[in-house]
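These notes are about the structure you will find just below.
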Amino acid sequence: MDRGMVGSASKGRLQVEVRHHGASAVVTPAGELDHHTADVLREPLERCVEGGRARLVVDCSKLEFCDSTGLNVLLGARLKAEAEGGGVHLAGMQPIVARVFEITGAEAVFTLHDSLDAALVE
């Protein structure tokens, strides 16, 4: 099982790390996900699906902020992953980020987990 780091990206207020865990890609955004930083997350999510890892686990524990653009990035990744037989699992959301998902109703279309460990149980 490959558990190594396979990439990272950064743009000002958002850093994204990607690693593989079994059949899953674990994507960890840290910082603020908004209009200015959305591509920093979008690109690695798309590369994972294109590379054959359609089960995406997004570790949200280090995500400090998410606006509607960030939400749309995750929704777009969900559609692409599901088209390939996978899905997007969100883990460890901070209350301020979880609130955006509650207000918009987006929590109903994602698989949510309290922790990364829970999300990695396949």
Side-chain angles (χ1 to χ4, degrees):
M1 176 168 25
D2 179 12
R3 297 184 113 194
M5 184 72 65
V6 295
S8 64
S10 175
K11 181 179 179 184
R13 296 171 290 135
L14 185 70
Q15 296 178 339
V16 177
E17 293 181 352
V18 179
R19 65 184 175 92
H20 295 159
H21 184 278
S24 300
V26 179
V27 181
T28 305
E32 299 178 10
L33 176 57
D34 60 23
H35 173 74
H36 300 289
T37 61
D39 286 339
V40 177
L41 181 58
R42 179 183 294 112
E43 291 166 4
L45 289 171
E46 289 177 356
R47 280 194 305 270
C48 288
V49 174
E50 291 166 3
R53 295 205 185 252
R55 185 178 195 277
L56 305 174
V57 176
V58 181
D59 178 4
C60 299
S61 64
K62 297 179 182 176
L63 195 57
E64 300 167 2
F65 176 80
C66 180
D67 72 359
S68 61
T69 305
L71 179 59
N72 283 328
V73 166
L74 293 168
L75 289 167
R78 177 186 154 265
L79 292 175
K80 289 179 181 181
E82 287 181 353
E84 297 299 320
V88 175
H89 298 256
L90 304 178
M93 271 197 276
Q94 300 297 322
I96 194 163
V97 174
R99 184 74 176 130
V100 172
F101 286 79
E102 291 167 12
I103 290 170
T104 62
E107 67 183 359
V109 300
F110 289 100
T111 303
L112 304 178
H113 303 273
D114 290 335
S115 68
L116 178 59
D117 288 340
L120 292 175
V121 174
E122 298 180 43

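The residues of the chain are indexed from 1 along the displayed sequence.
Here the closest heavy-atom approach between residue Glu64 and residue Ile96 is recorded as O-CG2, 3.4 Å. In terms of heavy atoms, Val100 sits closest to Cys66 at CG2-O, 3.2 Å. In terms of heavy atoms, Leu14 sits closest to Pro29 at CD1-CB, 4.0 Å. When every heavy atom of Val18 is checked against every heavy atom of Cys48, the shortest pair comes out as CG1-SG, 3.7 Å.
Around CG of Leu79, the count of heavy atoms belonging to other residues, nucleotides or ligands within 6.0 Å exceeds 12.
Between Arg99 and Glu102 there is a salt bridge, since at least one side-chain N of the basic residue sits less than 4.0 Å from a carboxylate O of the acidic one.
For Asp67 (side chain) and Gly70 (main-chain N/O), a donor-acceptor pair under 3.5 Å exists by modelled atom type. Looking only at distances, no side-chain donor or acceptor of Ser24 sits under 3.5 Å from a matching main-chain atom of Leu120. Panel note: side chain Arg53, backbone Gly22; a donor-acceptor pair is recorded below 3.5 Å.
Rounding to the nearest 0.5 angstrom, the gap separating the CG atom in Asp59 from the NE2 atom in His21 is 12.0 Å. We find the CG-CD distance between Leu41 and Gln15 to be 13.0 Å, quoted to the nearest 0.5 Å. One finds the OG1 atom of Thr111 at 4.5 Å from the NE2 atom of His89 (value rounded to the nearest 0.5 Å).
Criterion: ILVMFWY side-chain heavy atoms under 4.5 Å apart, direct or through other members. Under it, Phe65 and Phe101 are not part of a common hydrophobic cluster. Criterion: ILVMFWY side-chain heavy atoms under 4.5 Å apart, direct or through other members. Under it, Leu33 and Leu71 are part of a common hydrophobic cluster. The hydrophobic cluster containing Val109 also contains Val97, counting ILVMFWY residues as joined when their side-chain heavy atoms lie under 4.5 angstrom apart, directly or transitively.
Pairs of residues two or more places apart, or lying in two chains, that qualify as side-chain hydrogen bond (donor to acceptor under 3.5 Å, both in side chains) and include a residue from residues 68-87 are Glu46-Lys80, Arg78-Glu82.
Take Leu112 and apply the side-chain contact (heavy atoms from CB on, under 4.5 Å) test, not counting sequence neighbours, and it matches Leu90, Met93, Glu107, Phe110.
Counting only N and O atoms by type, the side chains of Asp117 and Ser115 include no donor and acceptor under 3.5 Å apart.
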Walk me through it: do Val16 and Thr37 pass the test side chain to side chain contact (heavy atoms under 4.5 Å, CB included)?
-> CA-CA 10 Å; Val16 177; Thr37 61; over 6 Å; no
Val58 vs Leu45, side chain to side chain contact (heavy atoms under 4.5 Å, CB included): CA-CA, chis, key distance, verdict | CA-CA 9 Å; Val58 181; Leu45 289 171; 4.2 Å; yes
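At least one side-chain heavy atom of Asp34 sits less than 4.5 Å from a side-chain heavy atom of Arg13.
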